[in-house]
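Read the structure below first, then the notes.
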Amino acid sequence: MTKSSPNIAWGEAALSRPQFIEQVWQEGRAAYRELPWRNIDDPFAVLVSEVMLQQTQVARVLNFWPRFMAAFPTADALAAASSADVLEHWQGLGYNRRALLLKRAAEVCAATLQGQLPRSYDELLALPGVGPATAAGVCNFAYRTAAPYLETNVRSVFLHLLFPSQENVADRQLMPLVADCAATEEPRGWNYALLDLGARLKAETANPSRRSASYARQSPFAGSNRQKRAALLRCVLAHPEGIAAAQAWQLVDEELARAGVAPADERLKGEIAAQLQREGFFRCEGGLLRP
DNA sequence: ATCCGGATAT
DNA sequence: ATATCCGGAT
């Protein structure tokens with residue numbers, strides 16, 4: 001049952017493979033969203049959009065992708081830019097690590113591929129900050145070469161149509177179906193249809209992806225390490241000439257206080273600053289935190 | 001107060 | 001396997 005190749009178990013629903021594919025094409029096309037990073041062949045521009053769309057919704061990315069691409073139009077440009085400049089353009093998008101990883105990916109392309117992006121899924125996957133979904137996104141959308149693309153909107157479509165009542169559905173169950181459908185003549189259009197139908201389903205009904213085994217609730221932001229990390233980074237970026245750690249933390253504590261959040265204790269402050277340095281967000285030179 | 005969302009390090 | 005990483009909208 002798990003192996004018979006043309007007749008893999010097609011979810012739990014009474015929907016055949018051709019019926020499923022037809023329905024996704026029909027409803028996905030009807031729900032089509034025109035987005036600035038769509039229908040372009042430039043793999044770097046697509047990579048930037050895919051990385052921004054990791055853990056960040058379309059509405060937010062719309063405010064950032066055009067400005068980012070104007071500032072860093074090519075992998076060479078991003079590789080040559082300062083981390084501070086790149087992080088500045090990322091502020092407000094969240095999960096700042098992604099910006100550093102994207103810049104490192106650009107540096108790999110600049111150093112080893114004359115500024116071009118790799119063509120193959122496996123080589124894309126090897127780039128910093130590029131996982132299975134992002135690598136598949138670049139293949140499908142930029143190169144129009146088919147690759148199984150499984151992210152939240154796609155997951156929602158498969159769960160809604162093929163696992164309508166099952167809870168805790170693992171990606172391991174979904175992936176064979178996604179891969180089966182991915183073998184198409186039109187990988188770009190097919191995956192746009194999946195994304196757009198998924199987005200429509202979420203707008204109309206309870207998020208089907210909540211029935212995914214990998215769905216996780218977030219811990220609260222207020223009072224979190226994430227909040228303090230982000231505030232410290234913003235503070236250091238605002239002082240290009242460098243700022244003493246104690247002074248930076250005083251400014252951060254004031255900002256937290258305005259948000260009704262207690263200041264971090266000294267031990268935590270040290271750990272957060274050290275962690276950010278280790279990850280490459282800034283350096284400590286002559287007692288000054290410097291982007 | 002609750003919601004949304006991929007990759008990486010351990 | 002599990003913990004961690006952001007911020008705005010609602």
Side-chain angles (χ1 to χ4, degrees), chain A residues 46-65 86-105 108 121 124-138 140-141 147-157 159 168 170-172 174-175 178 191 194-195 198-237 252 255-256 258-261 268 271-281:
Chain A
V46 171
L47 176 68
V48 171
S49 74
E50 288 296 316
V51 171
M52 286 185 172
L53 287 160
Q54 294 168 0
Q55 296 292 284
T56 305
Q57 287 152 128
V58 164
R60 190 192 301 263
V61 172
L62 279 172
N63 299 323
F64 286 84
W65 184 85
V86 177
L87 287 166
E88 237 5 298
H89 279 83
W90 205 268
Q91 289 312 289
L93 206 40
Y95 294 116
N96 298 303
R97 281 207 282 244
R98 293 180 297 171
L100 293 182
L101 293 172
L102 182 58
K103 176 167 160 52
R104 278 171 210 156
V108 171
Y121 174 88
L124 287 163
L125 189 60
L127 293 173
V130 176
T134 304
V138 172
N140 287 313
F141 301 135
Y149 181 61
L150 181 53
E151 53 70 75
T152 183
N153 290 306
V154 176
R155 200 141 45 210
S156 287
V157 172
L159 289 171
N168 288 310
D171 283 352
R172 187 165 19 82
L174 264 26
M175 202 39 133
V178 175
N191 285 285
L194 282 171
L195 290 177
R200 203 204 74 195
L201 290 172
K202 289 176 187 203
E204 290 175 348
T205 73
N207 185 352
S209 288
R210 297 181 75 141
R211 292 188 291 103
S212 161
S214 53
Y215 180 84
R217 271 192 174 70
Q218 309 295 307
S219 56
F221 180 63
S224 67
N225 260 10
R226 301 199 309 283
Q227 183 181 31
K228 298 179 177 79
R229 263 173 68 103
L232 182 64
L233 175 60
R234 257 183 280 113
C235 180
V236 173
L237 289 174
V252 168
E255 180 186 324
L256 294 174
R258 283 193 293 276
V261 169
L268 185 57
E271 283 176 7
I272 289 175
Q275 178 76 13
L276 285 167
Q277 284 176 74
R278 235 178 293 128
E279 292 182 38
F281 285 100

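Protein chains get the first letters and strands the later ones, always in sequence-line order, with residue 1 at the start of each.
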Kindly determine whether A:R278 and A:Q275 satisfy side-chain hydrogen bond (donor to acceptor under 3.5 Å, both in side chains), including the steps that lead there. CA-CA 5 Å; A:R278 235 178 293 128; A:Q275 178 76 13; 2.7 Å; yes

Please work out if [X] contacts a base, only the sugar-phosphate, or nothing of the nucleic acid, heavy-atom cut-off 4.0 Å.
X      : result
A:Y215 : sugar-phosphate
A:T134 : sugar-phosphate
A:V130 : sugar-phosphate
A:R98  : nothing
A:Q218 : base
A:P128 : sugar-phosphate
A:R210 : sugar-phosphate

How close or far is atom [atom2] of [N] from atom [atom1] of [X], stated in whole angstroms?
X      : N     : atom1 : atom2 : answer
A:Q275 : B:dT8 : CD    : P     : 16 Å
A:L150 : B:dG6 : CG    : C1'   : 11 Å
A:E279 : B:dT8 : CD    : C1'   : 10 Å
A:E50  : B:dG6 : CD    : C1'   : 11 Å
A:Y95  : B:dG6 : OH    : C1'   : 9 Å
A:M52  : B:dA7 : CE    : C1'   : 16 Å
A:L100 : B:dA7 : CG    : P     : 17 Å

With respect to A:V157, which candidate in A:V178, A:L194, A:L195, A:L174 satisfies the side-chain contact (heavy atoms from CB on, under 4.5 Å) definition?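 Between A:V157 and the candidates, side-chain contact (heavy atoms from CB on, under 4.5 Å) is satisfied uniquely by A:L194.
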
For A:G131 and A:R217, take the nucleotide of DNA chain B holding the closest heavy atom to each; which residue's nucleotide lies nearer the 5' end?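 That would be A:R217.
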
My understanding is that only residues two or more places apart in sequence, or in another chain, count here; which of them pass side chain to side chain donor-acceptor pair (under 3.5 Å) with A:S209?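 Counting only residues at least two positions away or on another chain, A:S209 forms a side chain to side chain donor-acceptor pair (under 3.5 Å) with A:T152, A:S156.
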
Which residues pass the side chain to side chain donor-acceptor pair (under 3.5 Å) test with A:R104, not counting sequence neighbours?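 Counting only residues at least two positions away or on another chain, A:R104 forms no side chain to side chain donor-acceptor pair (under 3.5 Å).
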
Can you pull the contact range of chain A along DNA chain C, 5' to 3', using atoms under 4.0 angstrom from its heavy atoms?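 It runs C:dT4 to C:dG8.
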
With sequence neighbours left out, which residue pairs that include part of residues 86-98 of chain A fulfil the salt bridge (Lys or Arg N to Asp or Glu O under 4.0 Å) condition?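 Of all non-adjacent pairs touching residues 86-98 of chain A, those that pass salt bridge (Lys or Arg N to Asp or Glu O under 4.0 Å) are A:R97-A:E279.
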
Applying ring-ring contact (aromatic ring centres under 6.0 Å, His included), can you list everything that pairs with A:F141, at least two apart in sequence or on another chain?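 Result, ring-ring contact (aromatic ring centres under 6.0 Å, His included) vs A:F141: A:Y149, A:Y192.
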
Which heavy atom in [X] sits nearest to a heavy atom in [Y], and how many Å separate them?
X      : Y      : value
A:A199 : A:N153 : N-OD1, 3.5 Å
A:A231 : A:E255 : CB-OE2, 3.9 Å
A:G92  : A:F64  : C-CZ, 3.5 Å
A:N140 : A:A147 : ND2-O, 2.8 Å

Tell me which residues in residues 54-61 of chain A lie within less than 4.0 Å of DNA chain B, going by non-hydrogen atoms.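 Close to the strand are A:Q54, A:Q55, A:T56, A:Q57.
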
